[in-house]
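For reference, the structure discussed in these notes is given below.
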Protein chains: 2
Amino acid sequence: MSVYTPPILTVDNVVFSLIAGDLSVLLIERANDPFKGVRALPGGYNAAGETTMDAVARVLKSKAGINLSELNYIEQLYTFDTVARDPRGHAVSVSYMGLCRDIVIPLDKGLQNPQFFPVKNLPKLAYDHVDIISYAHTRLCFKITYTNVVWALLPNMFTLTQLQSAYESILMKSLDKRNFRKKFLSLGLVVASKEFFKDGAHRPARLYKFKKQSLEVLSRSFD
Amino acid sequence: MSVYTPPILTVDNVVFSLIAGDLSVLLIERANDPFKGVRALPGGYNAAGETTMDAVARVLKSKAGINLSELNYIEQLYTFDTVARDPRGHAVSVSYMGLCRDIVIPLDKGLQNPQFFPVKNLPKLAYDHVDIISYAHTRLCFKITYTNVVWALLPNMFTLTQLQSAYESILMKSLDKRNFRKKFLSLGLVVASKEFFKDGAHRPARLYKFKKQSLEVLSRSFD
DNA sequence: ACAAAAGTGTTAAGAATACACCCATGT
DNA sequence: ACATGGGTGTATTCTTAACACTTTTGT
């Protein structure tokens with residue numbers, strides 16, 4: 001094994017957030033070739049001695065100015081390894097999905113122009129990043145039906161309409177209001193607060209919060 | 001990036017089979033240190049220019065004498081990357097789960113003593129391979145409830161008792177016979193043949209087969 | 001005739017779906 | 001008073017879960 005040369009190892013991070021009601025993904029603009037100026041997931045090299053999560057944290061900070069702790073949830077997705085995915089040579093990429101609330105992206109000169117883009121209207125992307133995003137989106141669609149993971153995308157207190165609209169944005173289909181509420185409340189994941197959200201000329205909406213802001217797997221699944 | 005050194009990349013393959021009614025996993029015996037003589041998953045280095053699936057195929061053949069094509073199903077599981085998992089240095093391992101029927105393991109001198117071991121009674125294992133097997137088992141438990149993937153573990157023709165027993169071995173719990181049959185048949189994944197399986201002093205059992213021997217995702221899930 | 005596994009049906013409880021109107025507020 | 005989004009209930013269908021006896025065969 002003395003002549004063994006490993007492929008290059010990279011990480012790529014799909015960070016989802018609900019921006020103006022749309023499921024959106026964080027993209028940077030590549031600073032160098034290949035794909036200079038093209039939008040891409042925040043990603044980069046993984047050196048020996050550093051875990052893939054360490055690499056994700058480092059890259060997220062250096063390219064998008066975001067701390068890993070600003071993500072409420074993160075999980076590993078899949079490792080993309082086709083030999084031709086990087087024109088420079090064989091690069092194997094471990095992908096992650098992160099979820100966050102409305103987040104302030106710093107406007108720093110050192111960063112690679114990080115911005116959120118709605119998933120339903122993505123720009124041209126570098127590498128196989130469309131596939132990675134699509135994989136992440138599929139995973140998220142499943143995950144919100146059998147876990148409480150939406151908490152990671154919502155503010156601490158939210159209305160049931162906001163909650164339903166989060167599901168609708170992710171699943172990209174509309175749901176029946178009465179059935180949604182009945183079912184979600186029967187799962188017992190959220191508690192009603194005594195506060196209301198007032199917003200314009202209509203009845204104020206009761207605010208709810210999740211009992212646990214950590215991953216719970218449901219006994220019966222949703223939708 | 002000229003000083004960039006990637007971690008070593010390896011693959012590990014969890015091959016499940018039902019042996020004498022027990023969910024079992026293929027293990028080899030390590031030929032060299034570290035963990036010389038200890039049981040381990042068939043795994044090994046992944047060189048640049050080769051996909052992880054290529055590496056899985058190569059390793060499976062060279063260490064266990066099995067061709068990738070003898071597996072009816074294979075999927076990538078997860079990438080294990082804790083820095084301390086290999087005492088020799090940082091090694092990132094992409095793990096796979098393969099499923100096969102009763103298979104003939106060659107008794108070849110060049111091989112690393114490949115054998116199937118029941119999951120409920122595993123020997124001491126090298127590295128973090130217990131964790132990898134446990135991850136694979138969990139994945140398989142989920143997968144059999146929302147897909148037709150058991151086909152990959154069963155012979156072409158099988159009785160409903162065999163099918164139920166496959167579910168019971170994997171899920172490690174017993175199921176109600178009438179409910180199991182009613183539900184499984186209502187899914188429409190299998191067709192009854194006109195043949196029967198005779199086996200001792202009792203009523204012969206009708207043989208069934210799967211309509212499709214490829215992955216199908218069910219609309220409603222099972223169990 | 002008996003031992004051993006195959007095969008079969010009903011009832012009750014819970015979950016999913018479809019669907020339309022009144023309520024509280026600001027202007 | 002009206003426009004806006006918030007909030008609620010019922011009936012039907014489908015799914016799940018619990019449960020025990022008869023059938024076919026070989027010895």
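Because the structure is predicted, anything quoted here is derived from the model rather than measured. The sequence lines fix the lettering, A, B, ..., with proteins before strands; numbering per chain opens at 1.
Across all strands, A/Ser186 comes closer than 4.0 Å to no nucleic acid atom at all (heavy-atom distances). At a threshold of 4.0 angstrom between heavy atoms, the contacts of B/Thr159 with the nucleic acid are absent.
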- Item | From CA spacing to verdict: side chain to side chain contact (heavy atoms under 4.5 Å, CB included), A/Leu140, A/Leu23 | CA-CA 11 Å; A/Leu140 182 60; A/Leu23 182 69; 4.1 Å; yes

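Rounded to whole Å, the distance from CD on A/Glu195 to P on D/dG6 is 17 Å. Atom-to-atom, CG of B/Leu175 to C1' of D/dC19 comes out at 15 Å; the value is rounded to the nearest Å. For the pair A/Phe180 CZ and D/dG7 P, the interatomic distance rounds to 13 Å; values are reported in whole Å.
To the nearest 0.5 Å, atom CG of residue B/Asp131 and atom OH of residue B/Tyr78 are 11.0 Å apart.
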Which atom pairs link the protein and nucleotides 8-13 of chain D when you take only N or O atoms and keep those under 3.5 Å?
{"residue": "D/dT10", "atom": "O4", "partner": "A/Lys182", "partner atom": "NZ", "Å": "3.2"}

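Put simply, the side chain of B/Arg85 gets close to the backbone of B/Ala91: a donor and an acceptor are under 3.5 Å apart. Under the 3.5 Å distance criterion, the side-chain polar atoms of A/Asp81 are matched with a main-chain donor or acceptor of B/Thr52.
The two residues A/Leu125 and A/Val38 make their nearest non-hydrogen contact at C-CG1, 3.8 Å. Heavy-atom minimum distance, B/Gln213 versus B/Asn156: NE2-OD1, 3.3 Å. In terms of heavy atoms, A/Gly21 sits closest to A/Ser169 at O-OG, 2.7 Å.
Using bins of under 30°, 30° to 60° and over 60° for the plane-to-plane angle, the ring pair A/Tyr135/A/Phe80 lands in the perpendicular bin.
Chain A approaches DNA chain C over the interval C/dA15 to C/dG26, counting the first and last nucleotide 5' to 3' with an atom under 4.0 Å from its heavy atoms.
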